[in-house]
Structures are given as structure tokens and as C-alpha cells.
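Please read the structure below before turning to the comments.
Chain identifiers are assigned alphabetically (A, B, ...) following the order of the sequence lines, protein sequences preceding nucleic acid strands; residue numbering begins at 1 within each chain.
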Amino acid sequence: MRRDHIHAAIRILQREIRQWQEPVLGIVARNSDRNPFLILISCLLSLRTKDKTTGEASDRLFALAQTPAEMLTVPLKKIEQAIYPVGFYRTKAKSIHGICRRLLDHYGGNVPDSIDELVTLPGVGRKTANLVVTVGYGKPGICVDIHVHRISNRWGYIKTETPEESEEALRKKLPEQYWITFNDLLVPFGQNLCQPVSPFCSTCKLTAYCDRVGVTKSR
DNA sequence: AAAACGGGGGC
DNA sequence: GCCCCAGTTTT
């Protein structure tokens, strides 16, 4: 993909995305009344987890508690039960308590708005921190998950080995106007069409801009 | 029966 | 860099 092709590619994705389901995490985040704490916890639950279960698990959890202080009064066992269908539920329940403790001790019960501070919280890495900053605070950030990493490289737009490198490369290359929506566009695209193995290249409208880096089979 | 799944932490 | 966390869905 040539540098200037990104505009056309994003334009097409914005049109095509209507036929796919919107990312559940995006829905959860927006339905959280832009409450950074609820957004942060939703993002934590979504790690390495299929989309639908995240929404249902967060609904059950937020019925129990909606603030860091309330959350600390809920026993770990109860939290584990509420979020059970998501993967790594024991680790995540512990992280939730750890996060709430840190928020109360160091940030007056509020969620910090900088990536550097967010990644110091237990269970929060760069993907989660970027998502909280963009969705929760409307500040520029690039949320690089496995879909963004894979597809950006498949296009040949960047050439990186790890999601961390991808975030760095995209910060330099991707026009800032697309930072916040990039993840929301690539996730449904990656789930429905541009899948990890044998993507649906025959019905994809982006093939003119794609180098198919690493694609061995396609449908 | 495997592989894959919207990462992150501990070592 | 390697291994662990874990249930669910897809191949």
C-alpha cells in the first residue's frame, strides 16, 4: 500500500462497515456514558476475549458496582462469577480490585487520562490505555490490537513484528484524524473479512490497496 | 483434536 | 524471549 492509499482505504471501510456488526466493546464504551472507569473495566474484560461475552459480562458486573469504592466492597468471588464467561476471569477479577485500590490511593478515585499513568495500573497495557484515552477522554491515541497489527502489515502500510512496534509506526505515519476511529474500523473488518487465515479476498473491496503480506490462502 | 481468540504480566 | 492465564468458537 502506498502512503496516500490510506485515505481511500478508510473511506471504503467507513462505507462497508454498515453491513457488519459494530464492535461490542465500542458499544459498551459508548453506553457507559463516557464514564472512564466503566470504560476502563470494559476494556480489561475484553482482553483476548470474543466480542459478545464482553458486553454481557460487563452488564452483570456493573449491576454489582459502578465506582472503584463500590467495587472494592464486592468479594473477588462475586466478581469472578459475574465476569465468568470472559477468558482469564480470575486474573481479571484480581486486576479489577488492584486497579480500584490504586485509583483510590493515588488518583482520588478517578481514572488518569494519560497513557503513561494508565499502563502502571495492574492488567493495563498499551492497547487498553490507548482505548481508555481515546474513548473515555477523546484524546488522540492509537489502539493497536491483533487486528490492527495484522491488517496494517497485510496492507504493507507498515512493516512491524509486534503490536508495540505497530503503535509506534502508526503514530508516525497514520494521519491523526484517523487515530481514534482506526481500531473501530479494522476490528469488524478483521473479524468478518480480513481474517488471520484464509481471508475473503475475493469479495474484499480493498484489494487494490492491499499487498497481502503473509497471506498464503484466501477465499 | 487442534487452533484461534480485540493482551498483559512474571520471570 | 518464554510461558502462563481460560472458556468458547471455529476448522
(message) Classify the ring geometry of A/F182 against A/W155: parallel below 30°, tilted from 30° to 60°, perpendicular beyond 60°.
(response) perpendicular
(message) I'd like the C1' distance from C/dA6 over to B/dA2, given in whole Å.
(response) 16 Å
(request) Provide the distance between the two P atoms, one in B/dG6 and one in C/dC4, to the nearest whole Å. (result) 22 Å
(request) Kindly indicate whether the side chain of A/D145 and the base of B/dG7 share any N or O donor-acceptor pair separated by less than 3.5 Å? (result) no
(request) Let me know the distance between CD of A/E161 and C1' of C/dG1, rounded to the nearest Å. (result) 14 Å
(request) Whole angstrom is fine here: how far is it from CD1 in A/I96 over to P in B/dG8? (result) 15 Å
(request) Please test A/R60 against A/E56 for salt bridge (charged side-chain N to carboxylate O under 4.0 Å, His left out), starting from the C-alpha separation and ending with a verdict. (result) CA-CA 6 Å; A/R60 280 193 299 274; A/E56 295 165 3; 5.0 Å; no
(request) For DNA chain B, list all stems, counting runs of three or more consecutive pairs where every pair is Watson-Crick or G-U wobble with both distances under 3.5 Å. (result) B:1-5 with C:7-11, B:7-11 with C:1-5
(request) Rounded off to whole Å, could you give me the NE2-to-P distance for the A/H147 and B/dC5 pair? (result) 7 Å
(message) Tell me whether A/L186 shares a hydrophobic cluster with A/F200, the cluster being built from Ile, Leu, Val, Met, Phe, Trp, Tyr side chains joined at under 4.5 Å.
(response) yes
(request) Would you indicate what A/S95 reaches in the nucleic acid, counting non-hydrogen atoms under 4.0 angstrom: base, sugar-phosphate, or nothing? (result) nothing
(message) With rounding to the closest Å, how many angstrom separate the P atoms on B/dG8 and C/dT8?
(response) 23 Å
(message) Under a plain distance cut-off of 3.5 Å, with no hydrogens placed, do A/K92 and A/T49 share a side-chain donor-acceptor pair?
(response) yes
(message) Any donor-acceptor pair under 3.5 Å linking the side-chain atoms of A/S42 with those of A/S58?
(response) no
(request) Return the value, rounded to whole Å, for the distance between atom CZ of A/F182 and atom P of B/dG6. (result) 17 Å
(request) For A/Y157 and A/H5, test the side chains for any donor-to-acceptor distance below 3.5 angstrom and give the result as yes or no. (result) no
(request) May I have the distance from A/L45 (atom CG) to B/dC5 (atom C1'), rounded to whole angstrom? (result) 16 Å
(request) Calculate the interatomic distance between A/I99 atom CD1 and B/dG8 atom C1'; express it in whole Å. (result) 11 Å
(message) Classify A/P196 by what it touches in the nucleic acid, base, sugar-phosphate, or nothing, heavy-atom distance under 4.0 Å.
(response) sugar-phosphate
(request) Mind calculating the distance between CG (A/L131) and P (B/dG7) to the nearest angstrom? (result) 11 Å
(request) For A/I146 and B/dA4, give me the distance from atom CD1 to atom P, rounded to whole Å. (result) 11 Å
(request) Identify whether any heavy atom of A/L121 sits under 4.0 Å from a base atom; if not, whether one sits that close to sugar-phosphate; answer base, sugar-phosphate or nothing. (result) sugar-phosphate
(request) List for me each residue that meets side-chain hydrogen bond (donor to acceptor under 3.5 Å, both in side chains) alongside A/N183, sequence neighbours excluded, and say none if there are none. (result) A/D145
(request) Decide whether A/L185 and A/I12 are clustered together by the hydrophobic rule: side chain heavy atoms of Ile, Leu, Val, Met, Phe, Trp, Tyr closer than 4.5 Å, transitively. (result) yes
(request) Mind checking the NZ-CD1 spacing from A/K139 to A/I115? Nearest 0.5 Å is all I need. (result) 8.0 Å
(request) With the side chain counted from C-beta on, respond yes when A/E16 and A/C204 share a heavy-atom pair under 4.5 Å apart, and no when they do not. (result) no
(message) So if I define the base as every atom that isn't primed, P, OP1 or OP2, how would nucleotides 5-11 of chain C read as a B/S/- string at a heavy-atom cutoff under 4.0 Å?
(response) BBS----
